[in-house]
There are 2 protein chains.
Amino acid sequence: MGTTTGRTASRPGTSPAEPKYWQLRTALTDALDAEFSVGQVLPDERTLAARFGVARATLRQALDQLELEGRLQRRRGVGTTVAPPRVGVDVSPAGQTWPGAEDDPWTVTGLTAVGAPPAVARALDVPRGTPLSLVGRVLVAAGQPVAIERLYAPPGPRPAAGADEVLAALRDQPLEGQDRSVELGSADAEQSRGLDRLPGSPVLLVTTRYTAAGQVAAVSLATYRADTCRLTFALAGSAAAPVRVGHRP
Amino acid sequence: MGTTTGRTASRPGTSPAEPKYWQLRTALTDALDAEFSVGQVLPDERTLAARFGVARATLRQALDQLELEGRLQRRRGVGTTVAPPRVGVDVSPAGQTWPGAEDDPWTVTGLTAVGAPPAVARALDVPRGTPLSLVGRVLVAAGQPVAIERLYAPPGPRPAAGADEVLAALRDQPLEGQDRSVELGSADAEQSRGLDRLPGSPVLLVTTRYTAAGQVAAVSLATYRADTCRLTFALAGSAAAPVRVGHRP
DNA sequence: TAGTGGTCTAGACCACGCT
DNA sequence: GCGTGGTCTAGACCACTAG
């Protein structure tokens with residue numbers, strides 16, 4: 001890996017043009033493309049910083065970028081490795097189905113009785129604190145947990161009913177529609193634990209509202225690891241161009 | 001705004017539990033919910049850092065989080081303000097239509113003749129460097145540019161044809177399908193200029209492949225500001241539950 | 001020109017995974 | 001224990017905006 005960066009000179013009297021960490025990012029990107037293969041470990045941060053002649057904090061700013069872009073993977077106590085391509089996760093409806101249908105790849109992790117949190121209360125159009133069932137689920141791809149879901153639905157017919165019963169109760173209703181939104185967020189303490197990340201890691205927050213009988217019947221808040229995931233949508237009519245599920249060499 | 005943070009004591013001999021910047025983020029989030037309204041300017045970073053008894057770098061780490069979550073907006077030379085709720089941008093197909101159809105909200109910004117970059121060449125399944133038309137477009141919402149698109153398509157019938165002609169040529173073909181993917185990225189120098197952001201700002205990268213005549217006919221790379229945007233999908237059958245534009249209590 | 005956020009430095013210590 | 005990445009400090013200077 002080269003040591004020279006100087007593509008924007010930033011001599012005294014010249015406009016700095018691009019910040020150092022951005023030049024570093026570019027240099028590292030090129031190096032990754034040219035000289036590194038997936039899974040390979042990079043030199044440690046102190047060494048890299050010295051090699052590029054910058055402070056460690058500046059180098060870290062560049063590595064932060066590359067991690068955000070899914071090019072690098074950093075693990076405390078281990079090192080920094082070249083990340084595999086992002087896993088493509090299909091989030092298209094694949095027909096109008098309730099969660100927990102036939103080929104649903106999610107795994108139930110638990111069931112809790114909760115009062116509707118503000119955001120959920122708003123989406124379900126019920127008063128906040130309304131008793132709800134909270135079904136926890138996790139999505140595993142390529143051997144790693146890539147997403148965590150909190151599914152809020154009306155409580156099952158009996159207390160202490162299993163999560164499967166809650167999902168079955170939903171499936172008993174005709175599903176009229178669903179809408180989804182995707183936005184950037186950061187993992188809270190609980191989520192970061194489930195996703196094997198540190199608190200504050202960038203995540204893609206997917207909110208799904210399921211409607212039945214003319215009203216919102218369930219709300220799902222799914223949190224995807226932004227570093228390792230690519231969300232794919234196979235839209236109507238695209239059967240001729242199936243979306244591939246991600247791969248890891 | 002309160003000064004006390006200490007929810008995880010971190011006394012000597014105690015496990016730090018949560019890093020300071022995370023506690024700060026929580027404290028600031030609560031303060032934003034309780035005591036601030038949209039558009040209000042926060043005290044400057046040096047003042048805030050002093051008030052919380054941390055170094056400015058640590059405070060900035062917390063502010064970075066909040067900006068990533070779309071809660072704050074920072075402008076150099078001006079200050080930090082409370083951000084409005086994210087703008088909901090519909091990215092669902094709204095029927096199978098080519099770009100540039102009737103009610104397409106995008107605005108053409110330019111047309112260039114380019115050779116296919118590697119990523120585009122792969123998606124279109126043509127050799128890299130194949131001559132293509134590159135149509136630049138921008139999406140404006142709430143008075144601000146929220147997304148930039150690069151649309152790659154076969155060159156128009158004549159050289160120097162207008163962007164409209166390139167789009168019209170696409171519309172002449174029957175659209176068989178499209179698929180989309182969403183992932184996290186960072187804005188390059190050019191994009192950051194167009195989106196009025198600094199290089200490296202987090203963006204949502206939406207890739208769309210349009211298929212016609214049994215093959216991919218065009219590829220669109222759209223870059224959305226992750227701080228201000230929420231991508232919404234109105235899925236089939238959800239006509240009864242239109243997606244609202246974002247709100248925050 | 002004053003005040004803001006953005007960049008950068010040179011250190012220190014901590015938490016974690018491995019050996 | 002050792003080496004890794006993660007956190008934190010206390011400064012400095014720069015780029016930009018606005019009065």
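A, B, ... follow the sequence lines: proteins, then strands. Residue 1 opens every chain.
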If you count every heavy atom of other residues, nucleotides or ligands that lies below 6.0 Å from B/D196 atom CG, does the total exceed 12?
no
Which residues satisfy the side chain to side chain donor-acceptor pair (under 3.5 Å) test with A/T112, sequence neighbours excluded?
none
What residues, two or more places apart in sequence or in another chain, satisfy side chain to side chain donor-acceptor pair (under 3.5 Å) together with A/T29?
none
Under the side-chain contact (heavy atoms from CB on, under 4.5 Å) criterion, do A/L231 and A/L204 qualify, and how do the steps go?
CA-CA 9 Å; A/L231 307 183; A/L204 296 173; 3.9 Å; yes
Whole angstrom is fine here: how far is it from CG in A/L63 over to P in D/dT4?
14 Å
Would you compute the distance between atom OG1 of A/T81 and atom CD of A/Q40 and round it to the nearest 0.5 angstrom?
10.0 Å
Residue set satisfying salt bridge (charged side-chain N to carboxylate O under 4.0 Å, His left out) with A/D104, at least two apart, ordered chain then number -> A/R137
Rounded off to whole Å, could you give me the CG-to-P distance for the B/D227 and C/dG5 pair?
17 Å
How would you list, by chain and number, every residue that makes a salt bridge (charged side-chain N to carboxylate O under 4.0 Å, His left out) with A/D33, sequence neighbours excluded?
A/R71
Roughly how many Å is it from CD in B/E18 to C1' in D/dC8, rounded to a whole number?
16 Å
What's touching nucleotides 9-11 of chain C from the protein side, N or O pairs under 3.5 Å?
| from | atom 1 | to | atom 2 | distance (Å) |
| --- | --- | --- | --- | --- |
| C/dT9 | OP1 | A/K20 | NZ | 3.0 |
| C/dT9 | OP2 | A/A55 | N | 2.8 |
| C/dT9 | OP2 | A/T58 | OG1 | 2.4 |

Just how far, in rounded Å, is P of C/dT7 from CD of A/Q23?
12 Å
To the nearest Å, give me how far apart CG (B/D64) and C1' (C/dG5) are.
11 Å
Which string of ( ) [ ] | and . matches DNA chain D, if you list each base 5' to 3' and count Watson-Crick or G-U pairs only when both distances are under 3.5 Å?
||||||||||||||||||.
Separation between CG (B/L68) and CG (B/L63), nearest 0.5 Å, reads 12.5 Å
Within this structure, what is the CD-to-P distance between A/Q61 and C/dC8, rounded to whole angstrom?
6 Å
Which residues pass the side chain to side chain donor-acceptor pair (under 3.5 Å) test with B/T228, sequence neighbours left out?
none
Using salt bridge (charged side-chain N to carboxylate O under 4.0 Å, His left out) as the criterion, list what pairs up with B/R74, not counting sequence neighbours.
B/E45, B/D64, B/E67
Which parts of residues 184-200 of chain A get close to DNA chain C, meaning a heavy atom less than 4.0 angstrom away?
none
Side chain to side chain donor-acceptor pair (under 3.5 Å) with B/S186: which residues, sequence neighbours excluded?
A/Q65, A/E69
OP1 or OP2 of D/dC8 sitting under 4.0 Å from any side-chain N/O of B/Y21?
no
Does a donor on one side chain sit under 3.5 Å from an acceptor on the other, for B/S220 and B/E149?
yes
Sequence neighbours excluded, which residues qualify as side-chain contact (heavy atoms from CB on, under 4.5 Å) partners of B/A141?
B/V87, B/V146
Could you list all N or O pairs between the protein and nucleotides 2-4 of chain C that sit under 3.5 Å apart?
| from | atom 1 | to | atom 2 | distance (Å) |
| --- | --- | --- | --- | --- |
| C/dG3 | N2 | B/G77 | O | 3.3 |
| C/dT4 | OP1 | B/D44 | OD1 | 3.4 |
| C/dT4 | O2 | B/G77 | N | 3.1 |

Expressed in angstrom and rounded to an integer, what is the separation of B/W22 atom CH2 from D/dG6 atom P?
15 Å
